[in-house]
Amino acid sequence: MSVRVGGWDVNDTTVLNRELSWLAFNGRVLELAADLKVPLLERVRYLSIYASNLDEFFQVRVSGLHDQIAAGISAVGPDGRTPRKQIEDIRSVVLELGARQEKIFATQVLPALNEMNIELLEFDDLTSDEQDTITERFRRRIFPILTPLAVDPGHPFPYISDLSLNLAVVVRNPADRERRFARVKVPNTLERWISLDRGLRFVSLESVLAAHLDQLFPGMDIVESAPFRVTRNADLTLGEEAEDLLAAVEIELRRRRFGRAVRLEVASVMSQQTLELLVRELDLDPADVYSSSFPLDATSLNAVADLDLGRQKWPHWRGITEPGLTSENEPSNLFDVLAHRDVLLHHPYSSFSRSVVQLVRQASRDRSVLAIKLTLYRTSGDSPIIDALIDAAERGKQVAVLIEVKARFDEEANIGWARRLEQAGVHVAYGIVGLKIHSKIAMVVREETDGIRRYCHVGTGNYNHRTARLYEDIGLLTADPVVGDDLADLFNYLTGYSRARDYERILVAPEMLRSRLYELIDSEIASGQGRMILKMNSLVDTEMIRKLYEASGAGVEIDLIIRGVCCLRPGVEGMSENIRARSIVGRYLEHSRIFHFANGGRADGGRADGGRVNGGCNRQSRTYIGSADLMRRNLDRRVEVLLEIGDQDLENRLLEVLEANLADDCLAWSLDGSGVWTRENGTVGVDVHETLQEFARGRARG
């Protein structure tokens with residue numbers, strides 16, 4: 001039986017709606033929670049991931065639509081919808097997905113957890129002895145933290161912070177029978193699911209609070225209590241005239257706390273009277289309310305997913321060390337390795353810590369290294385790369401880091417890293433007003449016997465050793481002097497006043513990426529035997545979609561591998577019959593961008609540069625890796641880098657990755673022209689993540 005997600009986009013337009021396409025992606029994530037082939041605790045985690053994704057969607061995308069409506073914008077978008085119509089359709093889809101979420105949890109995941117003796121309980125479900133134990137714990141550890149806030153003529157309605165879990169409480173004074181509303185915030189400093197006897201049985205914190213409200217409101221009758229949660233606009237708005245980018249971001253972060261409410265989630269047990277009060281006080285529309293019997297803030301289910309039950313989780317994967325990067329179980333001198341050959345990395349199949357982190361760490365301690373430069377978009381809270389950069393600066397090396405302080409939801413963390421790096425003597429630049437620096441590039445400048453040599457890394461993912469264990473990304477380590485010259489010029493452009501220039505091996509947005517991609521597509525059209533495989537996170541840009549339609553009409557065969565949003569309609573006769581689109585959703589988050597053009601030079605199959613790449617490799621195809629998706633923001637409003645892979649063997653490895661993605665019939669979903677995604681039901685049983693793990697094991701064995 002096939003599983004289908006989507007089909008909500010019924011407008012007769014050439015493109016699908018971006019927001020509905022994103023919801024279809026999150027629907028594919030949700031279906032992993034129902035997949036019996038997925039380990040049980042990982043299914044619980046997918047319920048959490050689905051909820052977290054949806055939170056951010058409302059904080060940013062839905063909030064943006066509300067802003068357009070408030071500004072009086074009613075223009076019809078390329079998909080035929082006004083902002084108001086989009087919100088109406090989003091609500092309908094979210095309700096449908098919410099019902100699916102509740103069903104998966106109640107009928108599949110929860111019974112399976114119970115079979116494993118894992119129980120998620122309410123206070124009333126506990127034995128009397130357990131209730132006594134929890135009540136004592138409430139008195140000692142929970143009660144002192146709580147602050148009930150009443151609403152009456154002397155107490156205005158309290159501010160409800162973004163994504164906080166709260167109890168709406170109605171109390172009655174026995175003396176005058178007057179009802180009053182109060183709000184009790186569920187403390188986020190305490191565990192949401194309280195473990196009973198340190199075992200596998202848990203009781204929800206909100207139910208414990210609800211059972212002890214008489215201690216918060218002594219002498220009052222408790223009429224009602226129900227959980228609720230508010231989502232607010234969390235996007236930052238930076239003016240183009242900002243003179244101090246860091247200060248402007250800090251101001252906007254403070255404002256974020258007071259963003260407009262855009263969604264109210266309530267427990268299905270809440271009375272209509274209480275709901276109307278919340279809607280009125282939060283200045284919401286009844287259409288912004290989402291009622292559910294599912295636990296509010298399902299991101300808290302990570303506490304269950306983190307249980308140490310090995311067989312109920314994915315088998316551990318450590319990531320191989322790419323051949324040549326170790327010698328006798330010790331890290332090789334990476335400068336010696338890269339002086340002779342490039343190294344292609346494929347995370348998490350290749351270890352990030354034993355490659356990229358190792359390069360920066362060795363550079364920080366190598367006496368011949370003069371300088372290190374790196375772009376930082378997102379990193380972890382305990383970043384070994386940051387530590388190595390600080391170590392390098394303290395050893396007297398020139399270290400320059402471009403930190404993107406506008407990286408959404410990582411702004412505060414990045415400001416903290418920036419200040420720490422500056423205190424260590426690192427040269428820190430904060431990006432460019434109006435542009436986000438989204439490229440993933442690093443360069444080490446080393447003095448050697450024959451002069452200066454640059455060692456570079458260009459990747460598709462962030463310099464984050466934690467997400468590198470979960471995100472699928474590609475990177476190249478190289479000492480190619482042409483790449484070194486390109487990156488040196490790019491870093492100078494980003495940190496100084498130099499003008500952007502033409503580069504030899506990299507394509508850079510916003511100056512040239514769009515136009516060069518058009519040229520590459522035109523080459524496929526002109527070749528008469530065009531073939532493209534494009535792997536990315538999202539395809540949204542309408543002009544790029546039109547270009548792909550043009551290529552399809554000229555007979556170019558196009559395979560799209562798109563994890564998330566795809567606004568292109570594939571397989572439509574007379575428009576896109578030569579385009580196929582699929583999505584891989586599974587254990588690892590597909591994050592790499594790979595662009596393969598089978599005839600990537602002139603129409604005669606030759607290359608515009610004569611075919612000489614990396615010492616004389618002659619071929620007609622061109623394959624790029626990099627940070628850019630095909631979205632307007634990536635092509636026109638961000639600094640992005642795509643790198644052409646010049647070595648034939650390494651390009652073949654990338655083609656091996658692409659072909660494995662196209663062969664998958666376990667994790668893959670196919671998109672049709674009406675916006676419906678259908679889960680592949682192949683008989684071969686190819687799981688691309690298992691396939692690529694086996695490829696990695698083969699490389700490790702030599």
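None of the values given here were measured: they were computed from a predicted structure.
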Taking ring-ring contact (aromatic ring centres under 6.0 Å, His included) as the definition, give me every residue that meets it alongside Tyr549, ordered by chain and number, with sequence neighbours left out. none

For [X] versus [Y], what's the shortest heavy-atom pair and its separation?
X      : Y      : result
Val676 : Gly7   : CG2-CA, 3.3 Å
Ser674 : Leu16  : C-CD2, 4.3 Å
Ala150 : His155 : O-CB, 3.0 Å
Leu41  : Leu307 : CD1-O, 3.6 Å

Quick one: which residue pairs count as a salt bridge (charged side-chain N to carboxylate O under 4.0 Å, His left out) with a foot in residues 77-90, not counting sequence neighbours?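 Sorted pair list: Asp9-Arg81, Asp79-Arg81, Arg81-Asp89, Lys85-Asp89.
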
What do the steps show when you test Phe57 against Leu23 for side chain to side chain contact (heavy atoms under 4.5 Å, CB included), and what is the final call? CA-CA 9 Å; Phe57 178 73; Leu23 288 171; 3.9 Å; yes

Going by heavy atoms in the side chains, are Val171 and Asp221 under 4.5 Å from each other?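 With C-beta onward as the side chain, the pair stays apart.
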
Is the shortest side-chain heavy-atom distance between Leu671 and Ser583 below 4.5 Å?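 Side chain of Leu671 against side chain of Ser583, heavy atoms only: no contact under 4.5 Å found.
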
So, using side-chain hydrogen bond (donor to acceptor under 3.5 Å, both in side chains) as the criterion, who are the partners of [X] when residues are at least two apart?
X      : result
Glu130 : Thr127, Arg201
Ser293 : Glu102
Arg61  : Glu19

Are any of the side-chain nitrogens in [X] or [Y] under 4.0 Å away from the carboxylate oxygens of its partner?
X      : Y      : answer
Glu191 : Arg137 : yes
Glu265 : Arg229 : yes
Arg192 : Glu206 : yes
Arg260 : Asp67  : no
Arg43  : Asp35  : no
Arg45  : Asp306 : yes

Distance flag, aromatic centroids of Phe228 and Tyr290, threshold under 6.0 Å: no

Quick one about His591 and Glu472 (side-chain donor to acceptor, distance below 3.5 Å, no hydrogens or angles considered), yes or no? no

For the residue pair Glu119 and Asn114, confirm or rule out a side-chain donor-acceptor distance under 3.5 Å. no

Would you check if the side chain of Ser48 reaches a backbone N or O of Thr299 as a donor-acceptor pair within less than 3.5 Å? yes

Contacts of Arg466 that satisfy salt bridge (Lys or Arg N to Asp or Glu O under 4.0 Å) - sequence neighbours left out: Asp382

Would you sort out whether Ser164 and Asn166 count as a side chain to side chain donor-acceptor pair (under 3.5 Å), showing the intermediate values? CA-CA 6 Å; Ser164 63; Asn166 306 268; 3.2 Å; yes

Can you tell me if CG on Asp152 sees more than 12 non-hydrogen neighbours from other groups inside 6.0 Å? yes

Interatomic distance, Ser52 atom OG to Tyr46 atom OH [nearest 0.5 angstrom]: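 Rounded to the nearest 0.5 Å, the OG-OH separation comes to 14.0 Å.
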
